[in-house]
Student: 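This is the structure I have questions about; it appears just below.
Every value quoted in this text rests on a predicted model; they were computed, and no experiment measured them. What's counted below: heavy atoms across the whole structure, side chains too, no hydrogens, waters or symmetry copies. To find a chain, count down the sequence lines: A is the first, B the second, and so on, and within it residues start at 1.
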Number of protein chains: 2
Amino acid sequence: MESRPLSYFVAVAEELNFARAAERLGISPPPLSRAIRRLETDLGVTLFERTTHSVTLTPAGTVLLTEARIALDALRAAGRRAQRAASPEPKLVLAVKADGDAGLLEPILTRHASSDPAAAPVAVRLCAWHEQPRLLRQGEADAALVHEPFDRTGLDSEALVAEPRVVALAATHPLAGKDHVALADLGLRPGDVHRFIDETRGRGHDLAQLLTLVGLGDVTPLFPVSVADRYPRPGVVYRPVTDAPPAVLAIAWPQQSRSTDVAALVRAAMSVAEAGQG
Amino acid sequence: MESRPLSYFVAVAEELNFARAAERLGISPPPLSRAIRRLETDLGVTLFERTTHSVTLTPAGTVLLTEARIALDALRAAGRRAQRAASPEPKLVLAVKADGDAGLLEPILTRHASSDPAAAPVAVRLCAWHEQPRLLRQGEADAALVHEPFDRTGLDSEALVAEPRVVALAATHPLAGKDHVALADLGLRPGDVHRFIDETRGRGHDLAQLLTLVGLGDVTPLFPVSVADRYPRPGVVYRPVTDAPPAVLAIAWPQQSRSTDVAALVRAAMSVAEAGQG
DNA sequence: CCACGTTACGCATTTCGTAACTATG
DNA sequence: CATAGTTACGAAATGCGTAACGTGG
């Protein structure tokens with residue numbers, strides 16, 4: 001099993017269109033078509049049902065897509081980790097979504113550094129929403145602070161803290177007058193919360209953009225209370241959402257990690273979280 | 001990052017000798033040498049310190065070896081799992097070392113089949129000592145019954161049962177007269193037990209060979225008591241080893257598995273184990 | 001009939017093997 | 001000085017692109 005045909009396959013499976021996939025890969029359609037066909041004959045498995053005007057994945061193709069992503073991530077991770085191991089000062093990289101640390105980032109770093117004089121130096125890598133699992137899987141980070149739920153494939157994690165959620169409202173919003181809000185007031189059922197959060201995130205590139213939209217009354221996103229504490233903004237009010245599931249912040253790391261440095265950082269994070277809870 | 005140069009790297013890293021590695025790969029030394037050198041320049045990292053008469057891994061090379069094995073296993077697994085998904089009757093494959101199931105195999109299969117009329121059919125794959133983790137990681141099996149300790153990289157597991165250990169002795173062995181034996185009688189300390197078990201396993205290709213050697217007084221291997229129960233043999237006696245750590249049998253499966261079929265099989269195994277304990 | 005995947009054919013790049021070279025223990 | 005890794009060069013194989021084809025919506 002070669003990696004390049006597999007990456008070609010992933011492109012086609014994601015686009016479900018040979019021409020677009022070829023463009024994305026920087027090659028022309030014919031070699032792509034042949035590579036897929038050869039992959040199919042080598043495996044002895046049909047991966048796509050194709051007519052001239054539609055390309056769909058077979059069940060086997062669906063399986064291969066998930067597995068191929070895992071394998072290709074692992075391949076990238078191998079290279080990255082080797083490079084990082086050779087870098088002059090091998091650091092631990094901790095991926096954090098900006099302001100998605102519930103205020104724990106600084107205490108964790110302090111605790112980690114003070115716990116052991118020989119503790120590995122930690123570099124913080126700020127990243128976008130939902131980017132942490134990919135960074136871990138592709139070997140660009142050693143650990144990450146991430147809100148549940150996230151894709152645990154290939155990762156281990158420990159929950160750190162659970163924060164109440166608040167809703168951000170325009171000051172002129174009808175609900176802004178209330179002390180606290182219920183999901184039903186927002187037209188949400190408990191099962192819809194995580195989907196709703198994903199959707200509202202997509203509305204702005206960062207928190208500032210999103211809060212601007214809030215001020216305009218275009219959106220009413222849910223946040224962990226720690227975000228509200230740090231981002232007061234004229235024209236925007238935060239109200240507790242009493243029955244929303246809490247925002248659980250966890251620390252995650254590659255499941256196969258054997259690094260004692262990662263273990264030390266995780267320990268520091270858990271001890272900070274316990275202290276905070278108590 | 002391509003897969004073939006990486007597999008070349010693994011061969012060299014394992015052999016620490018370009019000529020032998022080339023032979024193992026079925027190519028000649030020159031292209032191998034160049035492939036490694038190109039890998040190094042592409043990564044910008046030195047992987048081997050080499051003189052004409054010695055090849056050693058650098059720290060970065062050591063990291064890459066671990067990571068490369070994971071990635072290449074994942075690559076093989078992708079192909080295998082796609083093939084299995086396309087096979088006419090998608091079965092669950094359960095890897096078991098012959099007679100390494102503590103008598104749980106048949107009850108587990110029965111429980112699984114009877115728990116749900118729609119339960120996936122299970123095919124048992126018999127394998128050699130310590131082969132199960134590889135089969136799981138390379139996608140040739142979906143779950144495995146395996147004795148701890150084993151390499152958990154990329155795997156999840158649940159312990160099922162802990163069995164007392166016995167030592168197999170020639171009937172003429174001085175210790176054969178005793179009712180039970182202590183590790184010290186065998187010249188072992190508790191920390192040495194697992195290493196000792198690995199060594200003694202290497203002495204024979206299967207249980208029959210090993211018991212022949214026992215009869216000759218050449219070796220005194222440790223077994224879970226379930227093995228002793230099933231393999232009475234003239235000239236060989238089994239004696240409990242009171243202070244040996246128990247043989248813990250676990251069920252393991254790929255960590256990234258999302259299959260409900262695997263989950264059902266694991267549940268069946270755990271429920272059989274609990275019933276047996278009670 | 002138009003769009004899109006496929007086949008046909010020739011070219012470029014990569015990869016391999018044999019032979020000669022070099023450096024270390 | 002012998003062994004093992006490397007360089008040199010020609011050959012085979014693999015992969016790619018342009019052009020032409022077929023088929024289904």
Student: Picking from A:I36, A:L47, A:L25, A:L39, what satisfies side chain to side chain contact (heavy atoms under 4.5 Å, CB included) with A:V12?
Tutor: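 By the side chain to side chain contact (heavy atoms under 4.5 Å, CB included) criterion, A:V12 pairs with just one of A:I36, A:L47, A:L25, A:L39: A:I36.
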Student: Send over the distance from A:E23 CD to D:dC16 P, rounded to a whole Å.
Tutor: 16 Å
Student: Decide salt bridge (charged side-chain N to carboxylate O under 4.0 Å, His left out) for B:R203 and B:E199; before the verdict, give the C-alpha distance in whole Å, the side-chain angles of both, and the deciding distance to 0.1 Å.
Tutor: CA-CA 7 Å; B:R203 304 287 289 278; B:E199 281 178 16; over 6 Å; no
Student: Take the protein atom CD of B:E15 and the nucleotide atom P of D:dA4, then report the distance between them rounded to whole Å.
Tutor: 13 Å
Student: Let me spell it out: for each of A:T52 and A:P5, pick the nucleotide of DNA chain D with the closest heavy atom. Which residue's pick is nearer the 5' end?
Tutor: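 Checking each residue's closest nucleotide, the 5'-ward one belongs to A:P5.
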Student: Answer yes when A:R134 and A:E131 have at least one side-chain N-carboxylate O distance shorter than 4.0 Å, and no when they do not.
Tutor: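 A salt bridge is present here (some side-chain N lies under 4.0 Å from a carboxylate O).
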Student: For A:P30 and for B:P31, find the nucleotide of DNA chain D with the closest heavy atom, then tell me which residue's nucleotide is more 5'.
Tutor: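 That would be B:P31.
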Student: Round to the nearest Å and state the distance from A:I27 atom CD1 to C:dT13 atom P.
Tutor: 16 Å
Student: What nucleotide, of D:dT3, C:dT18, D:dG5, holds the atom closest to the side chain of B:H53?
Tutor: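 In terms of side-chain proximity for B:H53, the closest of D:dT3, C:dT18, D:dG5 is D:dT3.
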Student: Tell me the interatomic distance from A:R50, atom CZ, to C:dT6, atom C1', rounded to whole angstroms.
Tutor: 9 Å
Student: Checking side chain to side chain contact (heavy atoms under 4.5 Å, CB included) against B:T153, which of B:D73, B:I70, B:T66 comes through?
Tutor: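 That would be B:I70; it is the only one of B:D73, B:I70, B:T66 passing the side chain to side chain contact (heavy atoms under 4.5 Å, CB included) with B:T153.
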Student: Within this structure, what is the CZ-to-P distance between A:R4 and D:dT14, rounded to whole angstrom?
Tutor: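 Rounded to whole Å, this separation is 12 Å.
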Student: Below 3.5 Å, does any donor atom in the side chain of A:R34 face an acceptor in the base of D:dG17, or the other way round?
Tutor: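 Pair found.
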Student: Rounded to whole Å, please give me the gap between CZ in A:R37 and P in C:dA8.
Tutor: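 Interatomic distance, CZ of A:R37 to P of C:dA8: 12 Å.
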Student: Look at all strands and tell whether B:Y8 reaches a base, only sugar-phosphate, or nothing, counting heavy atoms closer than 4.0 Å.
Tutor: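 Contact class for B:Y8: sugar-phosphate only.
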Student: Checking contacts here: which listed nucleotide (D:dT18, C:dG17, D:dG5) is nearest the side-chain heavy atoms of B:F18?
Tutor: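 Selected nucleotide (nearest to the side chain): D:dG5.
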Student: Describe the nucleic acid contact of B:T51 in one word from base, sugar-phosphate, nothing, applying a heavy-atom distance below 4.0 Å.
Tutor: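 Contact class for B:T51: sugar-phosphate only.
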Student: So, B:R69 and B:E14, do they make that salt bridge, N to O below 4.0 Å?
Tutor: yes
Student: Is there a side-chain contact between A:S33 and the phosphate of C:dT6, meaning an N or O under 4.0 Å from OP1 or OP2?
Tutor: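 A:S33 to C:dT6 OP1/OP2: side-chain N or O found under 4.0 Å.
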Student: How close or far is atom P of C:dT14 from atom CZ of B:R38, stated in whole angstroms?
Tutor: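 Computing the B:R38:CZ to C:dT14:P distance gives 6 Å.
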Student: Specify the separation, in whole Å, of atom CG of A:L16 and atom P of C:dG5.
Tutor: 10 Å
